[in-house]
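Below, each value reflects all heavy atoms present in this structure, side chains not excepted, and no hydrogens, waters or symmetry copies. It should be emphasised that the depicted structure is a prediction, and the values quoted were computed from it without experimental measurement. Letters A, B, ... are given to chains in the order of the sequence lines, protein chains preceding strands, and every chain is numbered from 1.
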There are 2 protein chains.
Amino acid sequence: MSECGLKHLDGREYYCAMELTLQIIGGKWKPLIIHHLGQQGTLRFNELRRTMPTITQKMLTQQLRELETDGIVHREVYPQVPPKVEYSLTALGRTVTPVISRLCEWGSMYEAERLAEKQNEAAQHSADKKSAA
Amino acid sequence: MSECGLKHLDGREYYCAMELTLQIIGGKWKPLIIHHLGQQGTLRFNELRRTMPTITQKMLTQQLRELETDGIVHREVYPQVPPKVEYSLTALGRTVTPVISRLCEWGSMYEAERLAEKQNEAAQHSADKKSAA
DNA sequence: CGGCATCCAGTGTGATACTG
DNA sequence: CAGTATCACACTGGATGCCG
């Protein structure tokens, strides 16, 4: 599972499978891109962009290219004017989506947990006030 | 699941839970740290360091502090000389490990998949040679 | 041992402008 | 529409040295 001798794949170096995973889907935007493509199926460039309001054109292009060379994303170009390019997950890419979904769910859980903590603190404070008064 | 209005938590901004997840465990080394702590339970600073041969002290310290403030990692300082500091996952941190393990497993799967592809290509090439000869 | 402070190079990332 | 090109910069992350 985590025996860690130096390994190679496609010019990458890594000590355990986790590092390999990170090199492929560990980019700042990649999990997000995969998540949205997994949910929506197929999206055009600008559709995808709108789902991530703060990403720049450049970053989106770049990250998509990397995902493409790693066999995660499929890029379909329609030779027409104006241009139309559709992005979707490959079969290999679809194998990541369950894990990505888990990450997303964990985020929701974390959010709820943190909010609950805050409310407990607030309740504690008002209780303190009462007992002080 | 992915309705995306701007949200706030602990000074963070995000549009969907996935982004929140990324802000917490999306650091370059964080999933790796969590993975190792999840497997080993409790580790001292340098023990943890040895599991990731290429990380620097500075980065390890920094990432651990961030994980600590986000409630994922617990830091236990033993006031003695030489100093002894042990790191472990909090209850909240332990909720991430299943997902992290999935990521690791996916990496193994990806690795196997890629190697199989290469062998297929190689087999294809030798077949081409034979049919050309 | 487990840090922290400082300095510094590299590059990741963003803003802007331009193109087929 | 879906990019590419260029510039500028912030920040990451590495090396080193010092401290409790």
Just how far, in rounded Å, is [atom2] of [N] from [atom1] of [X]?
X: B:Q62; N: D:dA15; atom1: CD; atom2: C1'; result: 15 Å
X: B:I55; N: C:dG3; atom1: CD1; atom2: P; result: 12 Å
X: A:E66; N: C:dT13; atom1: CD; atom2: C1'; result: 13 Å
X: A:K58; N: C:dA17; atom1: NZ; atom2: P; result: 15 Å
X: B:R75; N: C:dG2; atom1: CZ; atom2: C1'; result: 8 Å
X: B:E76; N: C:dG2; atom1: CD; atom2: P; result: 14 Å
X: B:F45; N: C:dC4; atom1: CZ; atom2: P; result: 9 Å
X: B:M59; N: C:dT11; atom1: CE; atom2: C1'; result: 14 Å

Divergence of helical axes at both termini of the helix from C:dC1-D:dG20 to C:dG20-D:dC1 - five pairs an end, 10° steps: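 The two end axes of the helix from C:dC1-D:dG20 to C:dG20-D:dC1 meet at 50°.
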
Any side-chain donor near an acceptor of the partner, B:Y14 and A:E111, under 3.5 Å: yes

Touch class at under 4.0 angstrom, heavy-atom based, for B:Y87 against every strand present: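 It contacts sugar-phosphate atoms only.
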
Among [options], the nucleotide that comes nearest once only the side chain of [X] is considered:
X: B:T61; options: C:dC4, D:dT4, C:dG2; answer: C:dC4
X: B:R44; options: C:dG2, D:dG13, C:dG3; answer: C:dG2
X: A:T56; options: C:dA15, D:dA2, C:dG2; answer: C:dA15

Pi-cation contact, A:Y78 with A:K84 (under 6.0 Å, within 45°):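 Yes.
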
N/O donor-acceptor pair under 3.5 Å between B:E68 side chain and B:R65 backbone: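 No, B:E68 side chain to B:R65 backbone: no donor-acceptor pair under 3.5 Å.
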
Side-chain donor or acceptor of B:T21 paired with backbone N/O of A:L103 under 3.5 Å: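 Checked: pair present.
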
Atom pairs, N/O to N/O, protein against nucleotides 18-20 of chain C, distance under 3.5 Å?
none

OP1 or OP2 of D:dT4 under 4.0 Å from side-chain N/O of A:R65: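 The answer is yes; a side-chain N or O of A:R65 sits under 4.0 Å from OP1 or OP2.
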
A:E117 and A:R114 ion-paired at < 4.0 Å: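 Salt bridge between A:E117 and A:R114, a charged N being under 4.0 Å from a carboxylate O: yes.
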
NE2/B:H125: more than 12 non-hydrogen atoms of other groups inside 6.0 Å: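 Atom NE2 in B:H125 is not crowded, with 12 or fewer foreign heavy atoms closer than 6.0 Å.
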
